[in-house]
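In what follows, a structure is listed as C-alpha cells, so that the remarks can point back to it.
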Amino acid sequence: AQTVTQSQPEMSVQEAETVTLSCTYDTSESDYYLFWYKQPPSRQMILVIRQEAYKQQNATENRFSVNFQKAAKSFSLKISDSQLGDAAMYFCAYPAVRGSNYKLTFGKGTLLTVNP
Amino acid sequence: DTAVSQTPKYLVTQMGNDKSIKCEQNLGHDTMYWYKQDSKKFLKIMFSYNNKELIINETVPNRFSPKSPDKAHLNLHINSLELGDSAVYFCASSQDLRHYEQYFGPGTRLTVT
C-alpha cells in the first residue's frame with residue numbers, strides 16, 4: 001500500500017523561530033515527486049514546495065526547505081524565521097501510482113500554530 | 001485572475017435534495033479532480049478527468065456524478081443528499097496526468113441538514 005504518514009497532529013513555534021514538520025511515505029517507485037501543501041484558515045490549498053526524487057539536492061523556496069531522505073522515505077518541511085501568516089494546516093502529499101494513473105495521496109496533516 | 005474557481009463557496013441544503021458544484025480552470029490544464037475533505041481535515045480524491053474522460057473513480061456512492069462539458073470545466077452533481085455528505089469539496093487541476101503538481105480551487109463547504 002502506498003501511504004503518507006504525518007506523525008505530528010499539531011506543532012507550535014515562536015515567531016521568528018524554526019520548525020520542522022515530519023512526513024514519511026511508502027512507495028515501491030524509484031522516480032516520483034513529493035509535495036507540501038498549506039491550508040490556512042481561509043481553507044485555500046496552497047502548494048508550498050515540491051521535491052523530485054531523482055534530485056539529490058533538497059528543494060528550497062524562500063523560508064521553506066525540505067530534508068529529503070530517499071532511503072528512509074522521509075520528507076520533512078523546515079520553516080525558518082516563522083511568521084504569523086505561516087499558521088495553517090500543512091499536508092504532505094505523494095502521487096501514488098494506481099495502474100497507469102497517479103492520484104495525489106495526502107497525509108492527515110499537521111496543524112501549525114505560530115505564537116507571537 | 002483566479003486560476004481554479006468553484007461556485008458556490010457555501011452550500012446549505014436539506015437531506016434528500018439534489019445539488020451541483022461547478023468548477024472552472026483557466027490554466028489550460030488537461031486534468032481536473034474532485035476531492036472531499038471531511039471534518040477531520042482528511043483529503044481524499046473522488047474523481048479525476050483527463051480531457052473530459054473519466055480516469056479515476058474512487059469508491060464514491062453513485063449519487064455523486066461528475067460531468068466535464070469541456071476540459072476547462074468539471075462539475076459535481078450530488079443526488080439525494082445525506083448528512084454524511086457534509087464536507088468541503090475541492091476542485092483541482094494539473095497540466096496533465098503525469099504532471100502531479102495540482103492547483104486547487106477555494107473549496108465549497110457543503111452542509112446538509
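Labels below follow one simple rule: chain letters A, B, ... track the order of the sequence lines, proteins then strands, and each chain is numbered from 1.
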Pair Arg50(A) + Glu101(B), salt bridge at N-O below 4.0 Å: yes
Is it true that Leu83(B) and Leu81(B) fall in one hydrophobic cluster, defined by side-chain heavy atoms closer than 4.5 Å? yes
Do Asp96(B) and Thr31(B) meet the criterion of a side-chain donor-acceptor pair at a distance under 3.5 Å? no
What part of Leu43(B) gets closer than 4.5 Å to chain A, counting heavy atoms only: side chain, backbone, both or neither? both
Could you tell me which portion of Phe106(A) (side chain, backbone, both or neither) has an atom closer than 4.5 angstrom to a non-hydrogen atom of chain B? both
Pick one: which of Asp26(A), Thr27(A), Thr105(A) meets side-chain hydrogen bond (donor to acceptor under 3.5 Å, both in side chains) with Tyr94(A)? Thr27(A)
If I measure from the heavy atoms of chain B, does Met45(A) come under 4.5 Å with its side chain, its backbone, both, or neither? both
Applying a strict 4.5 Å limit to non-hydrogen atoms, the region of Tyr32(A) in contact with chain B is neither
Quick check on Leu47(A) against chain B: is it the side chain, the backbone, both or neither that has a heavy atom closer than 4.5 Å? side chain
Taking all atoms of both residues into account, what is the closest heavy-atom pair of Leu11(B) and Ser20(B), and its distance? CD2-O, 4.3 Å
